[in-house]
Visitor: 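Got a structure for you, written out below as structure tokens; questions coming shortly.
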Amino acid sequence: DGKHAFHYAASCSHLSFLEKLLPACPDHLDALEKSDWTPLMMACTKAGNAAVIKFLVDNGARLDLVNKDGWNAVFLAGRTGDLEMFKFLVEKHPKGLAQVSTNGRYTINTILQHGNADLLSYLLENREKETIDSIQRASGLLDAAISLNPEIFKLLSKHFSSGHDDWSKTNKA
């Protein structure tokens with residue numbers, strides 16, 4: 001399947017193994033397997049993997065890479081819902097929030113659909129205008145409606161009620 005030991009160690013939270021692998025084969029830090037997933041991307045699919053993610057990024061893992069679906073590390077951390085991982089990645093690579101997947105979805109769509117209220121709260125507190133614009137551009141309210149987490153709409157109602165009264169606004173361009 002084209003995976004390197006880095007992929008397996010990253011996705012299984014084996015930090016000590018990664019620490020041994022890096023000096024032996026540093027060129028595999030961003031190794032791509034068949035579907036263009038890097039070890040960092042694979043690490044982002046597991047909640048509680050912040051130490052591995054920090055290790056990979058601190059040692060030069062590229063945050064700008066995307067897989068064949070157009071997903072980057074920020075997108076995948078948004079899906080996982082781990083606030084510590086997500087905050088770290090957004091602070092290191094805020095442009096990752098604007099990456100559009102091959103099916104036209106943004107990180108915010110994933111956060112809303114999966115009901116990750118902690119991540120939404122973090123974005124609204126730290127990047128309110130950008131997040132509100134992103135929700136409207138990405139038709140994110142539809143994803144919020146799919147979510148089974150009522151906290152999502154509570155958070156959104158606080159921010160949309162202050163000057164954003166058109167909940168149905170989408171990008172018509």
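Start at 1 with the first residue, then count along the sequence.
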Visitor: So, D82 side chain and M85 main chain: donor-acceptor pair closer than 3.5 Å or not?
Guide: yes
Visitor: Is the shortest side-chain heavy-atom distance between S11 and K46 below 4.5 Å?
Guide: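 Not in contact.
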Visitor: Check the pair T38, D30 against side chain to side chain donor-acceptor pair (under 3.5 Å), reporting the backbone distance first and the verdict last.
Guide: CA-CA 5 Å; T38 65; D30 287 320; 5.1 Å; no
Visitor: Given side chains that start at C-beta, do those of L29 and P39 come closer than 4.5 Å, heavy atoms only?
Guide: no
Visitor: Do you know which two heavy atoms are closest between L56 and A43, and how far apart they sit?
Guide: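 Distance-wise, the nearest heavy atoms are CD1-CB, 4.2 Å.
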Visitor: Is the shortest heavy-atom distance from the side chain of N72 to the side chain of M41 under 4.5 Å?
Guide: no
Visitor: State which residues pass side-chain hydrogen bond (donor to acceptor under 3.5 Å, both in side chains) with K54; sequence neighbours excluded, sorted by chain then number.
Guide: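 Checked K54 against side-chain hydrogen bond (donor to acceptor under 3.5 Å, both in side chains); matches are E84.
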Visitor: Between S147 and I152, which heavy-atom pair has the shortest distance, and what is it?
Guide: OG-CG1, 3.8 Å
Visitor: Taking the side chain as C-beta and beyond, is there a heavy-atom pair between R127 and P94 under 4.5 Å?
Guide: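 Yes, at least one pair of side-chain atoms sits under 4.5 Å.
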Visitor: When rounded to the nearest 0.5 angstrom, what is the spacing between OG1 in T107 and CG in L123?
Guide: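 If I round to the nearest 0.5 Å, the distance is 8.5 Å.
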Visitor: Using a 3.5 Å distance criterion without hydrogens, assess whether the side chain of N116 forms a donor-acceptor pair with backbone atoms of G78.
Guide: yes
Visitor: Could you give the distance from CZ (R79) to OG1 (T110), rounded to the nearest 0.5 Å?
Guide: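 Result: 7.0 Å between the selected atoms.
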Visitor: With a 4.5 Å heavy-atom cut-off, do F86 and L76 have their side chains touching?
Guide: no
Visitor: Let's go through E125 and S121 carefully: what are the C-alpha distance in whole Å and the side-chain angles of both, what is the deciding distance for side chain to side chain donor-acceptor pair (under 3.5 Å) to 0.1 Å, and is it a yes or a no?
Guide: CA-CA 6 Å; E125 288 171 15; S121 180; 3.0 Å; yes
Visitor: Over all heavy atoms of both residues, which pair between P26 and P23 is shortest? Give the atoms and the distance, please.
Guide: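 Minimum heavy-atom separation between P26 and P23: CD-O, 3.7 Å.
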Visitor: Any idea which heavy atoms bring H14 and V52 closest together, and the distance?
Guide: N-CG2, 4.4 Å
Visitor: State, to 0.1 Å, how close V66 and Q99 come at their nearest heavy-atom pair, and which atoms those are.
Guide: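 It is CG1-CD, 3.5 Å.
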Visitor: Taking side-chain contact (heavy atoms from CB on, under 4.5 Å) as the criterion, tell me which of L112, L120, D118 meets it with L155.
Guide: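 With L155 as partner, L112, L120, D118 yield a single side-chain contact (heavy atoms from CB on, under 4.5 Å), made by L120.
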Visitor: According to a hydrophobic-cluster definition based on side-chain heavy atoms being under 4.5 Å apart (Ile, Leu, Val, Met, Phe, Trp, Tyr only), do L40 and L32 belong together?
Guide: no
Visitor: Rounded to the nearest 0.5 Å, what separates atom CG in N49 from atom SG in C44?
Guide: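 Rounded to the nearest 0.5 Å, the CG-SG separation comes out at 8.0 Å.
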Visitor: So, does S157 use its side chain to make a donor-acceptor pair with the main chain of F153 at under 3.5 Å?
Guide: yes
Visitor: Does T102 reach the side chain of W71, with side-chain heavy atoms less than 4.5 Å apart?
Guide: no
Visitor: Side chains of Y106 and R137: does their closest heavy-atom pair fall under 4.5 Å?
Guide: yes
Visitor: Which atoms form the tightest heavy-atom contact between C25 and H4, and what is the distance?
Guide: SG-CE1, 3.7 Å
Visitor: Side-chain contact test, heavy atoms from C-beta onward, threshold under 4.5 Å: evaluate it for L89 versus V57 and give yes or no.
Guide: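 They are in side-chain contact.
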Visitor: Can a side-chain donor-acceptor contact be found between N103 and S101 if the only test is distance below 3.5 angstrom?
Guide: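 Yes, a side-chain donor-acceptor pair sits under 3.5 Å.
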Visitor: Calculate, to the nearest 0.5 Å, the distance between atoms CG and NZ belonging to L97 and K95 respectively.
Guide: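 With rounding to 0.5 Å, CG (L97) is 12.5 Å from NZ (K95).
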Visitor: With rounding to the nearest 0.5 angstrom, report the CD1 to CD distance, I108 to Q136.
Guide: 11.5 Å
Visitor: To the nearest 0.5 Å, what is the distance between CG on L21 and CG on L18?
Guide: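 Going from the CG atom of L21 to the CG atom of L18 covers 6.0 Å.
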Visitor: Under the side-chain contact (heavy atoms from CB on, under 4.5 Å) rule, what do F75 and D69 come out as? Steps first, then yes or no, please.
Guide: CA-CA 11 Å; F75 184 99; D69 296 312; over 6 Å; no
Visitor: Taking the six-membered ring for Trp, are F6 and H28 parallel (under 30°), tilted (30 to 60°) or perpendicular (over 60°)?
Guide: perpendicular
Visitor: Between R105 and D143, is the closest basic N to carboxylate O distance under 4.0 Å?
Guide: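 Salt bridge: yes.
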Visitor: Which residues pass the side chain to side chain contact (heavy atoms under 4.5 Å, CB included) test with K154, sequence neighbours left out?
Guide: E151
